Amino acid sequence: MKQVAGKQRSRTKAQAALLLAGVLVLCTAAPAWGVVVNNLYDAVVEVPDTGEKARREGFEQALAQVLVRLTGSRGVLETLRGDSGGEGGEKILGRGAELVDAYSYRRDGDTLELHVTVSAPALGRALAEPEISVWGANRPGVLVWFVVDDRGQRELVHRDARFPPFLEKPMQPLDAARVTEKGPWKGPLMKQANLRGVPLYLPFNDEQDRDILNLSEIWGLFPEPIEEASQRYAPDRIAIVRVSRRGDGWRARWVLRKPFGSTVVDGVVQGDSRTDVTEALMDRWASHFAGVFAVDYGDEREARDLEVIASNVDSLGDYASIRRALMSMEPIRSVEPQAMKRDQLHLAVRYNGDLPLVRDYIALDTRFRLMAGPEDGSIGPDFGVLSLQDAESSGADSGRVLYYSWQLEDSGEELESVDDDDQLKIVPLSEPGSSGDGDTDMPSM
């Protein structure tokens, strides 16, 4: 019997070695989860001609546009120009030409446009000196129910589907550079969203949507029917906007929610034109999201440690996908395997920023289903109510654990939401190095 057990343990360790050997092969480009914004470092500015002076000024305007998109706030320009930006800030704003990777000229009617791509590595190094917080490329997709009342005539701003709904992907982002359908509100809305790097989706407003939701319910900001109609789109956030005439201008009342959650933020913006209103709207939303997701890299020595335990890990592909997904998230610096037990994977994660920031980033990937851990101080779905100030000063932050169940998109499994009053439990892994049956120690990569 001992001989059989020894062979089983050896086979388990051999499988673990094979798992680690294949990781580098599978850790290539991953599919997008949440929304990956690909145009963060691209900018378009109008220029009077192709002369050197106009090009230099265009580069600086493009750099300013990229900085606002990366940080989520127009205040970054004042910060860099002011005393708090220091010499490093002044150097960034004055180095537009040095930080450009590529540029080209294009004509749009009578307008001459300068298309610029800023160098991401060069700008990243430049931003490290003044310690500017950056909002990464992984961003929450926002489904927008946008109703306009123009002197008693109400209309929902919606997507003009080119295919039947069952053929068109509901959550395909509407990138302003690729949208061909035009509209008095849709054009300015998508242009401003593109400028700020906020991924927006519009509903189809087809028969399926109208069977669940009507304009009066959207105008009344009723959450239940709106959330029910939004389920087919699976958004990260739901925005409800109602716009009405105010004299010669417009007034927009808006609410931004988490699906099946409480109101995140709300407010009112006004403007003389549609562009003014949509610009103010995107400023508010981008500022809010940057406040949640922006990462201050700081010194490497300030990085913190976290344990992530994922259950339902059945294959090398699962492991590689989990590691790829975590490494693509802005706050996370490194992900190292520590141990496996049955279908549970134990990872050591180093990250910058606060722990709630990491959890918010992971929440954008629907394959990670948040679980409650054991009652030993580990962190479950309600950990946000805990204060981490004392924990950081005492070094307890290094013992924090996040528990997840890994769910593949095509698994076909019907998932239930996790209520704080009825949290799911998973068995924690034994400590790395333990010799219990079924445990496998995994060396760092």
Side-chain angles (χ1 to χ4, degrees), residues 34-35 68 71-75 135 139-150 154-158 171 173-174 185-186 188-203 205 209 212-231 233-247 249-294 356-357 359-360 363-364 384-385 417 420:
V35 177
V68 171
T71 60
S73 172
R74 299 183 189 277
W135 181 21
R139 303 191 171 193
V142 185
L143 175 66
V144 186
W145 297 92
F146 196 104
V147 177
V148 180
D149 187 321
D150 190 354
R154 290 182 184 174
E155 181 182 2
L156 177 68
V157 177
H158 61 86
M171 290 304 282
L174 293 179
W185 281 100
K186 188 186 303 183
L189 179 65
M190 301 316 299
K191 179 179 180 180
Q192 294 302 321
N194 184 57
L195 284 172
R196 302 306 300 275
V198 178
L200 292 190
Y201 313 110
L202 293 174
N205 193 34
D209 284 343
I212 301 172
L213 185 63
N214 58 52
L215 286 179
S216 297
E217 290 169 325
I218 303 174
W219 187 263
L221 308 177
F222 294 117
E224 290 81 7
I226 292 173
E227 289 183 342
E228 183 180 355
S230 301
Q231 286 188 55
Y233 301 98
D236 298 306
R237 297 293 187 273
I238 300 172
I240 314 164
V241 184
R242 65 182 195 192
V243 182
S244 56
R245 281 279 189 183
R246 283 296 183 269
W250 302 91
R251 179 181 186 273
R253 172 84 169 88
W254 58 270
V255 176
L256 190 62
R257 304 175 57 88
K258 290 184 178 179
F260 302 102
S262 59
T263 297
V264 180
V265 284
D266 61 3
V268 175
V269 295
Q270 300 185 76
D272 295 333
S273 67
R274 295 176 177 87
T275 296
D276 291 342
V277 171
T278 54
E279 181 179 358
L281 196 61
M282 289 304 109
D283 280 350
R284 297 288 185 88
W285 294 1
S287 178
H288 164 71
F289 287 133
V292 175
F293 294 102
L357 174 67
R359 198 189 79 164
D360 285 339
L364 293 178
V385 301
S417 60
D420 289 346

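Just so it is clear, the structure is predicted and the values come from calculations on it, not from any experiment. Side-chain atoms are counted along with the backbone in the values below, which use heavy atoms only and exclude waters and symmetry mates.
For the pair V142 and A239, the tightest heavy-atom approach, listed with the atom from each and the gap, is CG1-CB, 3.6 Å. Of all non-hydrogen atoms in P203 and V157, the two that sit nearest each other are CD-O, 4.3 Å. Closest non-hydrogen pair, A252 versus V243, comes out as CB-CG2, 3.9 Å. Of all heavy-atom pairs spanning H288 and V265, the tightest one is ND1-CG1, 3.6 Å. Across all their heavy atoms, Y201 and G141 have their closest contact at CE1-CA, 3.3 Å. Here the closest non-hydrogen pair linking A294 and L357 is O-CD2, 3.8 Å.
Heavy-atom neighbours of E227 CD from other residues, nucleotides or ligands within 6.0 Å: above the threshold of 12.
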> Could you walk me through whether V241 and W185 pass the side chain to side chain contact (heavy atoms under 4.5 Å, CB included) check?
Replying inline: CA-CA 12 Å; V241 184; W185 281 100; over 6 Å; no
>> Could you go through M282 and L200, starting from their C-alpha distance and side-chain angles, then the distance that decides it, and tell me whether this counts as side chain to side chain contact (heavy atoms under 4.5 Å, CB included)?
In response: CA-CA 10 Å; M282 289 304 109; L200 292 190; 4.0 Å; yes
>> Could you go through F289 and R237, starting from their C-alpha distance and side-chain angles, then the distance that decides it, and tell me whether this counts as side chain to side chain contact (heavy atoms under 4.5 Å, CB included)?
In response: CA-CA 11 Å; F289 287 133; R237 297 293 187 273; 3.9 Å; yes
> Can you list the steps and then say if R253 with D266 is a salt bridge (charged side-chain N to carboxylate O under 4.0 Å, His left out)?
Replying inline: CA-CA 8 Å; R253 172 84 169 88; D266 61 3; 3.8 Å; yes
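Looking at R245 and W250, their side chains come closer than 4.5 Å, going by heavy atoms from C-beta outward. Between W285 and V144, some side-chain heavy-atom pair lies under the 4.5 Å cut-off. Inter-residue side-chain proximity for T278 and M190 is flagged as unmet; no heavy-atom pair is nearer than 4.5 Å. Using a 4.5 Å heavy-atom cutoff, the side chains of I240 and R257 are in contact. Side-chain atoms of K191 and T275, non-hydrogen and from C-beta on, never get closer than 4.5 Å to each other.
If you take CG on D209 and CD1 on I226, they are separated by 11.5 Å, rounding to the nearest 0.5 Å. A distance of 6.5 Å separates CG in L156 from CH2 in W145, rounded to the nearest 0.5 Å. Distance check, rounded to the nearest 0.5 Å: CG of L202 to OH of Y233 gives 9.5 Å. Rounded to the nearest 0.5 Å, atoms NZ (K258) and CG (D360) are 5.5 Å apart. A distance of 3.5 Å separates CD of Q231 from CZ of F260, quoted to the nearest 0.5 Å.
Put simply, the side chain of R284 never gets that close to the backbone of G267: no donor and acceptor are under 3.5 Å apart.
Classification of the W135-F293 ring pair by plane angle, with boundaries at 30° and 60°, yields parallel.
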Can you give the donor-acceptor pairs under 3.5 Å from side chains of residues 213-223 to other protein atoms, not counting sequence neighbours?
from: N214; atom 1: OD1; to: S216; atom 2: N; distance (Å): 3.1
from: N214; atom 1: OD1; to: E217; atom 2: N; distance (Å): 2.8
from: E217; atom 1: OE1; to: N214; atom 2: N; distance (Å): 3.1

